[in-house]
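Quick one: the structure is below, questions incoming.
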Number of protein chains: 2
Amino acid sequence: MITKEMTSAVSNIMVLSVLKSGMSYGYQLLRKIKQDSNELFDWTEGMLYPVLHRLEKQKYIESIWGTSEAGRRRKYYQITSSGQDYLAELLDGWYSISEVLIGLED
Amino acid sequence: MITKEMTSAVSNIMVLSVLKSGMSYGYQLLRKIKQDSNELFDWTEGMLYPVLHRLEKQKYIESIWGTSEAGRRRKYYQITSSGQDYLAELLDGWYSISEVLIGLED
DNA sequence: AATTATACCTAGATTAATTAGGTTAGATTA
DNA sequence: TAATCTAACCTAATTAATCTAGGTATAATT
């Protein structure tokens with residue numbers, strides 16, 4: 001079971017991880033996150049946009065407005081270097097907890 | 001870095017995991033959790049007791065009042081069988097997320 | 001006598017997620 | 001051409017949770 005607390009704990013990690021492999025925009029991120037997580041995560045827009053806005057305010061990602069081939073406006077996000085550092089720290093924390101949990105299972 | 005969201009996501013898991021290896025009481029749980037996590041978690045009582053009360057309300061743990069050798073009152077907690085099932089589900093969720101994160105790192 | 005350690009508890013401020021909306025515009029179908 | 005679907009963005013507000021900062025009581029130690 002994926003609890004909402006777990007979702008909350010990885011939301012930043014997921015967004016930063018996906019952005020690490022290239023720029024993306026909100027609508028596409030939703031599909032990528034669903035796909036890259038083997039449908040484990042199927043977020044709504046109302047879940048993603050607040051995360052994006054918070055990460056941007058914290059300077060872990062930055063955005064520019066662009067246009068799709070079809071002419072629709074899009075806000076592209078890319079990870080900053082401080083965002084990459086932050087991602088590494090978050091992953092480190094996640095994995096160290098995982099090790100503790102594994103250690104407790106004996 | 002351990003974020004508070006991560007802490008929140010594992011608080012139930014940690015308490016249930018420690019209780020799985022035997023009964024314990026609040027004050028001792030705090031020390032066990034600190035010790036078993038290699039000091040990764042150093043919770044305050046204000047963090048633990050609400051978790052215990054919630055888990056008890058959900059019937060994942062149950063409590064009885066007892067007395068220490070020294071004569072102090074203690075509330076002992078033990079995990080229920082539905083708590084063991086719940087713990088297994090939580091661990092399953094945690095590990096499946098971990099696998100997604102590992103997959104994203106390439 | 002005073003302090004530390006043991007052992008429990010809760011109120012309330014803050015913070016965050018999620019539901020449930022809303023807007024605009026291009027593409028498709030009836 | 002009207003209607004619907006998909007793309008693409010956004011926020012308000014309810015709900016729920018953490019955590020700080022308290023509080024009580026008693027045994028042991030200095």
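In the text below, chain A, chain B and the rest are named by the order of the sequence lines, each starting its count at 1. All values derive from a computational prediction rather than experimental measurement.
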Q) Does a nitrogen or oxygen in the side chain of A/Tyr49 sit under 4.0 Å from OP1 or OP2 of D/dC9? A)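 Answer yes for this pair, as a side-chain N or O of A/Tyr49 is under 4.0 Å from OP1 or OP2.
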Q) At under 4.0 Å, does any side-chain N or O of A/Lys4 touch on OP1 or OP2 of D/dA17? A)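 So the side-chain polar atoms of A/Lys4 do come within 4.0 Å of the phosphate oxygens OP1 or OP2 of D/dA17, strictly under.
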**Q.** Main-chain N/O of B/Lys59 paired with B/Thr80 side-chain donor or acceptor, under 3.5 Å
**A.**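 Judged by distance alone, yes, a pair lies under 3.5 Å.
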Q | B/Met14 side chain near A/Leu104 side chain, heavy-atom distance below 4.5 Å | A |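 Side-chain contact under 4.5 Å: yes.
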Q | Whole-Å gap separating P (D/dC19) and CG (B/Leu48) | A |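 It is 12 Å, rounded to the nearest whole Å.
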Q: Ignoring hydrogens and angles, tell me if any N or O in the side chain of B/Ser37 forms a donor-acceptor pair with the backbone of B/Phe41 under 3.5 Å.
A: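 A pair under 3.5 Å: yes.
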Q) Is the closest basic N to carboxylate O distance between B/Arg74 and B/Glu69 below 4.0 Å? A)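 Between B/Glu69 and B/Arg74 there is a salt bridge, with a charged N closer than 4.0 Å to a carboxylate O.
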**Q.** Under 3.5 Å donor-acceptor, B/Ser98 side chain and B/Trp94 backbone
**A.**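 Yes.
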Q: Please list, by residue number, the residues of residues 51-77 of chain B whose heavy atoms come closer than 4.0 Å to an atom of DNA chain D; answer none if no residue qualifies.
A: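 Correct list: B/Arg54, B/Ala70, B/Arg72.
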Q) Where does the angle between the aromatic ring planes of A/Tyr76 and A/Tyr25 fall among parallel (under 30°), tilted (30 to 60°) and perpendicular (over 60°)? A)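 The rings of A/Tyr76 and A/Tyr25 stand perpendicular, inter-plane angle above 60°.
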Q | Interface residues of residues 10-44 of chain A with DNA chain D (non-hydrogen, below 4.0 angstrom) | A |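 Heavy-atom cutoff 4.0 Å gives A/Tyr25, A/Gly26, A/Tyr27, A/Arg31.
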Q: Verify the cluster assignment for A/Leu16 and B/Ile102: are they in a single hydrophobic cluster under the rule of side-chain heavy atoms below 4.5 Å apart?
A: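 Both belong to a single hydrophobic cluster.
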Q) Mind checking who C/dA5 pairs with, Watson-Crick or G-U wobble, both distances under 3.5 Å? A)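 C/dA5 is paired, partner D/dT26.
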Q) So which one's nearest nucleotide on DNA chain C is more toward 5', A/Glu45 or B/Glu5? A)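 Going by which nucleotide is closer to the 5' end, it is B/Glu5.
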Q: Test A/Ser63 against every option in A/Lys75, A/Glu56, A/Gln78 by the side-chain hydrogen bond (donor to acceptor under 3.5 Å, both in side chains) rule and name the one that passes.
A: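 Only one option passes, and that is A/Glu56.
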